[in-house]
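Hydrogens, waters and symmetry mates play no part in the numbers below; they use all other heavy atoms, side chains included. Ligands are counted one by one from 1 in listed order, and the atoms in each one are counted from 1 as well. Throughout, residue positions are numbered sequentially from 1 according to the sequence presented. Keep in mind the model is a prediction, meaning the values are calculated, not measured.
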Amino acid sequence: MGADIGVTGLAVMGANLARNLARNGYTVALHNRTVARTDALINSYSAEGAFVRTESLTQLVEALEPPRRVLVMVKAGAPVDAVIDELVPLLDAGDIVIDAGNSFYEETRRREEALRQKGLHFVGVGVSGGEEGALHGPSIMPGGSAESYQTLGPMLESIAAEYHGEPCCAWVGTDGAGHYVKMVHNGIEYADMQVIGEAYDLMRSLAGLEPGQQAQVFRDWNTTDLASYLIEISSEVLEQEDELTGRPLVDVITDSAGQKGTGRWTAISGLEVGSPVSTIAESVFARSISSQRTLRQQAQQVFTAGVSTSVAATDLYASEDAQQDFVEDVRKALYASKLVSYAQGFDMLTAAGEEYGWDLDMRTIASLWRAGCIIRADLLDTIMKAYEAPAGQRPANLLFAEEFTEAINECLPAWRRVVAAAATYGVPAPVFSSSLAYYDALRAERLPASLTQGLRDYFGAHTYQRIDKPGTFHTRWSEDRSETEV
Ligand code: NBP
């Protein structure tokens with residue numbers, strides 16, 4: 001009897017997924033380009049389950065029970081192709097190659113098609129939860145053929161995180177759908193972190209709440225409809241003191257945020273599928289501007305105008321009552337902005353589903369994010385309910401779901417006050433502001449796009465449509481300015 005699954009690529013993610021599989025009773029054949037990693041894993045963890053040591057991909061494939069399942073966990077990009085190229089000639093029709101790394105969904109689509117031509121299944125799997133999740137139960141978003149999920153699904157479900165006994169793993173759609181859903185998850189994660197950052201910055205800059213005090217604010221918020229993993233760990237990071245200086249750790253960490261690319265891909269894909277993911281894109285840009293440290297230092301010298309208001313924020317929020325009111329306003333602004341980022345994320349999933357022919361089920365996707373992953377939040381239960389309605393009655397935009405329309409109505413005055421205060425006192429709050437602008441753009445009776453169309457017609461004869469009759473029109477701007485139907 002051969003091994004149930006092979007894992008190639010035993011750096012932290014591959015090793016932890018292999019251990020998770022072994023702990024769940026599967027026999028796992030192991031391979032890594034550098035054999036020392038395979039030996040290190042077996043030496044340290046052989047007691048956790050059944051591992052088979054192999055030194056080459058040929059040996060790995062020979063160790064497996066057909067139909068074979070090979071999990072590739074090497075660095076995303078060219079290494080994945082290199083491994084696939086070596087693996088494919090060793091496999092038989094019906095075998096399954098799984099890529100659970102952070103691959104770009106277009107590459108997954110390409111690889112899936114190429115392997116399908118050879119009678120093989122290629123399954124791109126989104127995995128969220130980092131190293132700890134990989135070991136103890138991640139959120140798993142598999143794509144690939146529905147047929148491959150018959151064989152692979154039970155195995156993935158057994159190692160996934162559980163939410164009230166339900167695995168956070170379900171087939172989401174064909175070819176690159178799994179990696180796409182994971183990418184959108186990461187885009188939302190960017191926005192979630194940015195709104196937390198903006199809330200912290202506003203409470204500190206305007207209401208003078210120190211990080212230690214804010215730790216308690218975030219703990220309190222974690223008992224509200226904001227309850228989530230990221231809010232929970234915000235309180236832990238904010239109360240951490242630096243060992244070296246005794247100052248709040250957040251004050252000694254360099255204020256430039258890194259990124260590995262999934263947020264950028266989300267913003268780019270939003271543009272490509274025509275979905276206005278402005279909140280997510282702003283979160284990516286916020287990281288970009290944070291990383292322009294030299295430019296920011298120069299700007300501090302150049303932009304001396306600052307703010308001009310007769311009342312200092314410190315006076316405005318000086319009393320305890322005013323401070324508490326402001327904190328509650330910020331909480332509401334954060335919640336409303338967060339709702340917008342989820343609404344945009346699901347909107348782009350809808351658009352991508354149409355673009356790529358994926359029958360994405362939004363309720364299922366929301367369910368996968370309830371445990372194991374970074375954006376796990378109580379809110380996801382409410383999102384699932386919003387998508388429970390029969391097809392045809394589901395909200396076209398998540399914000400149209402009754403619970404969320406009511407929540408936004410409730411938060412709106414506070415949201416506007418916070419964005420106004422940020423602008424008045426010169427505190428950058430790009431995501432609070434752009435989320436509010438998205439909401440206002442959706443609800444506006446008329447947008448200035450009519451003027452944009454007029455301008456485009458003026459300089460480029462791009463034509464326009466009229467509100468009062470069908471057809472396409474052009475004004476003869478450089479002649480007698482009469483209108484013609486084209
Ligand atoms: P890395 O992304 O650091 O990749 C290291 C592994 O790739 C090693 O096993 C290395 O072998 C192998 N490798 C490389 Br590099 N080039 C290779 C090649 N040409 N042929 C064969 N093997 C090659 O590992 P990781 O941090 O465990 O991440 C694995 C995947 O999981 C990545 O796609 C990553 O983005 C993703 N990831 C996801 C999360 C998450 O939260 N979901 C977290 C972290 C990472 P060697 O030992 O011989 O050098």
Side-chain angles (χ1 to χ4, degrees), residues 6-21 28-45 53-61 70-88 90 97-108 111 122-143 156 159-161 168-169 176 178-190 192-193 229-230 233 258-266 368-369 371-376:
V7 180
T8 180
L10 299 173
V12 61
M13 291 299 287
N16 282 1
L17 284 173
R19 289 173 59 199
N20 188 346
L21 285 158
V28 186
L30 301 172
H31 171 261
N32 193 71
R33 179 179 62 177
T34 310
V35 182
R37 276 202 208 266
T38 314
D39 289 334
L41 199 162
I42 290 178
N43 289 341
S44 302
Y45 303 109
R53 178 185 180 279
T54 75
E55 290 191 2
S56 66
L57 283 178
T58 307
Q59 283 183 8
L60 182 80
V61 169
V70 184
L71 175 59
V72 179
M73 281 308 286
V74 299
K75 198 176 184 64
V80 176
D81 284 315
V83 171
I84 291 173
D85 287 348
E86 198 183 330
L87 205 49
V88 163
L90 307 170
V97 178
I98 307 137
D99 171 16
N102 272 339
S103 291
F104 183 48
Y105 68 97
E106 287 287 15
E107 296 202 333
T108 306
R111 290 169 184 145
F122 183 77
V123 182
V125 178
V127 175
S128 174
E131 302 171 26
E132 284 298 300
L135 184 59
H136 301 292
S139 162
I140 306 182
M141 296 148 258
L156 295 179
I159 64 161
C168 290
C169 172
H179 278 138
Y180 194 91
V181 170
K182 167 71 194 326
M183 177 193 78
V184 174
H185 162 284
N186 283 24
I188 293 173
E189 181 184 309
Y190 271 59
D192 264 355
M193 282 194 268
Y229 171 69
L230 282 169
I233 65 168
Q259 51 177 306
K260 285 191 176 167
T262 43
R264 179 164 46 85
W265 294 345
T266 315
L368 302 184
W369 297 341
C373 68
I374 308 298
I375 66 168
R376 56 188 184 263

Any idea which atoms of ligand 1 are less than 4.0 Å away from a heavy-atom of [X]?
{"X": "L10", "value": "9 (O)"}
{"X": "M73", "value": "29 (C), 30 (C), 31 (O)"}
{"X": "N32", "value": "8 (C), 9 (O), 11 (O), 46 (P), 47 (O), 48 (O)"}
{"X": "V12", "value": "26 (O), 27 (O)"}
{"X": "G9", "value": "9 (O)"}
{"X": "V83", "value": "20 (N), 21 (C)"}

What is the closest protein heavy atom to [atom], and at what distance does it sit?
{"atom": "atom 34 (C) of ligand 1", "result": "N102 N, 4.1 Å"}
{"atom": "atom 49 (O) of ligand 1", "result": "R33 NH2, 3.0 Å"}
{"atom": "atom 42 (N) of ligand 1", "result": "V127 O, 2.7 Å"}
{"atom": "atom 40 (C) of ligand 1", "result": "M13 CE, 3.5 Å"}
{"atom": "atom 7 (O) of ligand 1", "result": "K75 N, 3.2 Å"}
{"atom": "atom 48 (O) of ligand 1", "result": "T34 OG1, 2.5 Å"}
{"atom": "atom 5 (C) of ligand 1", "result": "A11 CB, 3.7 Å"}
{"atom": "atom 22 (N) of ligand 1", "result": "V74 CG1, 3.4 Å"}

Distance in Å, L230 CG paired with M193 CE, rounded so as to fall on 0.5 Å steps: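 Interatomic distance, L230 CG to M193 CE, rounded to 0.5 Å: 6.0 Å.
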Interatomic spacing from CG in L30 to CD1 in I42 - rounded to 0.5 Å: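 The distance works out to 5.0 Å.
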Distance-only N or O hit between ligand 1 and R37, under 3.5 Å: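 R37 vs ligand 1: N/O contact under 3.5 Å present.
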Main chain of [Y], side chain of [X]: is a donor-acceptor contact present, judged purely on distance under 3.5 Å?
{"X": "Q59", "Y": "E55", "value": "yes"}
{"X": "T266", "Y": "M183", "value": "yes"}
{"X": "T8", "Y": "N32", "value": "no"}
{"X": "R376", "Y": "C373", "value": "yes"}
{"X": "H179", "Y": "D99", "value": "yes"}

Residue pair V35 / R53, side-chain heavy-atom distance below 4.5 Å: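 A side-chain contact exists here, since the closest heavy-atom pair is under 4.5 Å.
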Contact partition for T8 relative to ligand 1, non-hydrogen atoms under 4.0 Å: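 The answer is neither.
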Passing candidate, side chain to side chain donor-acceptor pair (under 3.5 Å) with S128, options E189, H185, K182: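 Exactly one option meets the side chain to side chain donor-acceptor pair (under 3.5 Å) with S128, and it is H185.
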F104 and W265 aromatic ring geometry - parallel, tilted or perpendicular at 30°/60° bounds: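 Geometry flag for F104 against W265: tilted rings.
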